[in-house]
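Since the structure comes first, as structure tokens, the remarks are kept for the end.
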Amino acid sequence: MEEEKESRVFIGKSLRVFVSYSTRDKKIAGAIKQCLEQYGMDVFLAHEDITPSAKWQEEIIRELRQSDVFLPLLTKNFQGSEWTDQETGIAFGDEKFIIPLKVDIDPYGFISRFQALKFEYVIEIDEYENDKYSCIDSSLKIIESIFNNKNLKDNLQDCLIKSFVGSTSYVDAADKAQLLSKLDDFSKDQINEIVRGSIEQTQVHKSWKAHSFLKELISKHDKDIDPVRKKELSELIELYRLKFE
């Protein structure tokens, strides 16, 4: 009796981020959430993610204890908040990976020993005269800090891969390919997920600026890639390369 071939499904690890902030800074915190979630992370903001009927203190503690990364948003409002110092104390006691985000003030108390990341953001006004906060550059610095943590590096890579294969535009795919190109120790499963997703997602394999990353990946990890998929992706890259020449 012929044995059934095992179907390998990529199940990437998650990365849970808890942002501690004053409610006066909810727009900045919201911008952090939006940016990091674009790179596949799960970001929790207490006042945004808790339903009115929930026992919110218990919910906050549960989310905090389940988080991998703790981001205290150190504005001038942070110390005046009723809960931020308590959240920080729990994160410190649980030995979470803490990245203090310095906007106005330096880390203090339990987290004074941690080097702060200088956090910057910009405010844009849309056509309806609403202010919109953006912090993409600082978010990339947060990602770099997480990547330097050996215990979270693999989780981060899975998040970035999932976001890459789910790219929503050619530009989005190009930006995420550039970020992935800085990594050099993918597992076999991660490599094959990048290849599979690139074949199935037109925004990826049609992104001319993502091609250099994909070609280098194929060349460097030739023996780890499924031959059929390697051939298919190589043909797609060549097809769209010719259209640009």
Side-chain angles (χ1 to χ4, degrees), residues 11-75 77-79 81-103 105-119 121 133 135-136 138-163 166 179 183 190:
I11 303 176
K13 301 180 184 69
S14 64
L15 192 64
R16 300 173 67 91
V17 179
F18 187 104
V19 182
S20 180
Y21 65 102
S22 163
T23 54
R24 295 182 180 182
D25 300 316
K26 62 182 180 181
K27 289 187 177 181
I28 307 175
I32 296 172
K33 177 182 174 75
Q34 183 179 29
C35 286
L36 294 183
E37 287 188 341
Q38 288 178 357
Y39 292 97
M41 302 179 210
D42 297 321
V43 182
F44 180 80
L45 304 182
H47 300 85
E48 179 174 323
D49 293 340
I50 294 178
T51 58
S53 60
K55 294 181 179 179
W56 63 273
Q57 292 186 35
E58 295 178 4
E59 184 77 4
I60 288 174
I61 293 173
R62 180 166 59 251
E63 290 289 340
L64 182 49
R65 294 202 184 281
Q66 291 176 348
S67 66
D68 302 298
V69 181
F70 181 76
L71 302 179
L73 184 60
L74 300 176
T75 69
N77 301 313
F78 187 84
Q79 285 181 293
S81 171
E82 186 177 357
W83 302 106
T84 50
D85 283 349
Q86 295 185 51
E87 292 167 355
T88 302
I90 294 172
F92 180 83
D94 285 355
E95 299 183 337
K96 301 297 182 183
F97 181 52
I98 300 174
I99 308 175
L101 305 180
K102 178 181 177 180
V103 179
I105 62 175
D106 292 315
Y108 63 90
F110 289 119
I111 60 172
S112 59
R113 68 179 68 178
F114 296 102
Q115 182 175 359
L117 186 155
K118 178 62 178 174
F119 189 85
Y121 59 92
Y133 286 64
C135 55
I136 185 63
S138 292
S139 295
L140 291 174
K141 292 178 182 178
I142 293 172
I143 291 173
E144 183 179 353
S145 295
I146 297 172
F147 182 73
N148 289 329
N149 182 301
K150 63 180 181 179
N151 295 323
L152 298 176
K153 183 178 179 180
D154 201 47
N155 298 61
L156 178 62
Q157 288 190 172
D158 280 354
C159 289
L160 296 179
I161 290 168
K162 285 185 287 185
S163 69
L179 194 57
L183 313 178
Q190 289 174 333

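Side chains of C135 and I32 form a contact here, defined as non-hydrogen atoms less than 4.5 Å apart. Annotation: side chain of F114 is not in contact with side chain of P107 (no heavy-atom distance under 4.5 Å). Two residues are said to be in side-chain contact when any heavy atoms from C-beta on lie closer than 4.5 Å; I99 and F70 fail this criterion. With contacts defined as side-chain heavy-atom distances shorter than 4.5 Å, the pair K96/S67 qualifies. Annotation: side chain of M41 is in contact with side chain of L156 (closest heavy-atom distance under 4.5 Å).
For the residue pair Y39 and C35, the shortest heavy atom distance occurs at CD1-O, 3.2 Å. Minimum interatomic distance between A29 and V19 (heavy atoms only, all atoms of both residues): CB-CG1, 4.3 Å. Contact record, K162 with G12: NZ-O, 3.9 Å, taken as the closest heavy-atom pair. Closest of all the heavy-atom pairs between N149 and N151 is OD1-N, 2.9 Å. D42 and S14 get closest at one heavy-atom pair: OD2-CB, 3.8 Å. In terms of heavy-atom proximity, P72 sits nearest to I98 at CD-CG2, 4.1 Å.
Remark: T84 pairs with no residue by the side chain to side chain donor-acceptor pair (under 3.5 Å) rule, at least two apart or across chains. Take F44 and apply the ring pair (Phe, Tyr, Trp, His ring centres under 6.0 Å) test, not counting sequence neighbours, and it matches F18. Every residue two or more places apart in sequence or in another chain that forms a ring pair (Phe, Tyr, Trp, His ring centres under 6.0 Å) with Y21 is listed here: H47. Applying the salt bridge (charged side-chain N to carboxylate O under 4.0 Å, His left out) rule to D154 yields the partners K13; only residues at least two apart in sequence or on another chain are considered. With sequence neighbours excluded, the residues that form a ring pair (Phe, Tyr, Trp, His ring centres under 6.0 Å) with Y121 are Y133. Every residue meeting the side-chain contact (heavy atoms from CB on, under 4.5 Å) condition with F110, not counting sequence neighbours, appears here in chain and number order: F92. With sequence neighbours left out, the salt bridge (charged side-chain N to carboxylate O under 4.0 Å, His left out) criterion links E63 to R16. Legend: residues meeting ring pair (Phe, Tyr, Trp, His ring centres under 6.0 Å) with Y108, ordered by chain and number and at least two apart, are absent. Checked against side-chain contact (heavy atoms from CB on, under 4.5 Å), K33 has the following partners two or more places apart in sequence or in another chain: E37, V43, L45, E48, D49. Partners of R62 by salt bridge (charged side-chain N to carboxylate O under 4.0 Å, His left out), not counting sequence neighbours, listed by chain and number: E59.
The backbone N or O of F78 lies less than 3.5 Å from no partner atom in the side chain of S81, so there is not a single donor-acceptor pair. Panel note: side chain D25, backbone I28; no donor-acceptor pair is recorded below 3.5 Å.
In this structure, NZ on K153 lies 14.5 Å from CG on L15, to the nearest 0.5 angstrom. For the atom pair D158 CG and Q190 CD, the distance stands at 4.5 Å (nearest 0.5 Å). Atom-to-atom distance recorded for L183:CG and L179:CG is 6.5 Å, nearest 0.5 angstrom.
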Would F97 and D68 count as a side chain to side chain contact (heavy atoms under 4.5 Å, CB included) here? Give the steps.
CA-CA 6 Å; F97 181 52; D68 302 298; over 6 Å; no
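Residue pairs that meet the salt bridge (charged side-chain N to carboxylate O under 4.0 Å, His left out) test with at least one member in residues 105-118, sequence neighbours left out, are K102-D106.
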Taking only distance into account, with no hydrogens and no angle test, what donor-acceptor pairs under 3.5 Å do side-chain atoms of residues 140-148 form with protein atoms, sequence neighbours excluded?
| from | atom 1 | to | atom 2 | distance (Å) |
| --- | --- | --- | --- | --- |
| S145 | OG | K141 | O | 3.1 |
| N148 | ND2 | E144 | O | 3.3 |

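Among the candidates L71, I105, L74, the single residue satisfying the side-chain contact (heavy atoms from CB on, under 4.5 Å) test with P100 is L74.
By the 4.0 Å N-to-carboxylate-O rule, R65 lies close enough to D94 to be salt-bridged with it.
D85 and Q79 are not linked by any side-chain donor-acceptor pair at a separation below 3.5 angstrom, with hydrogens and angles left out of the test.
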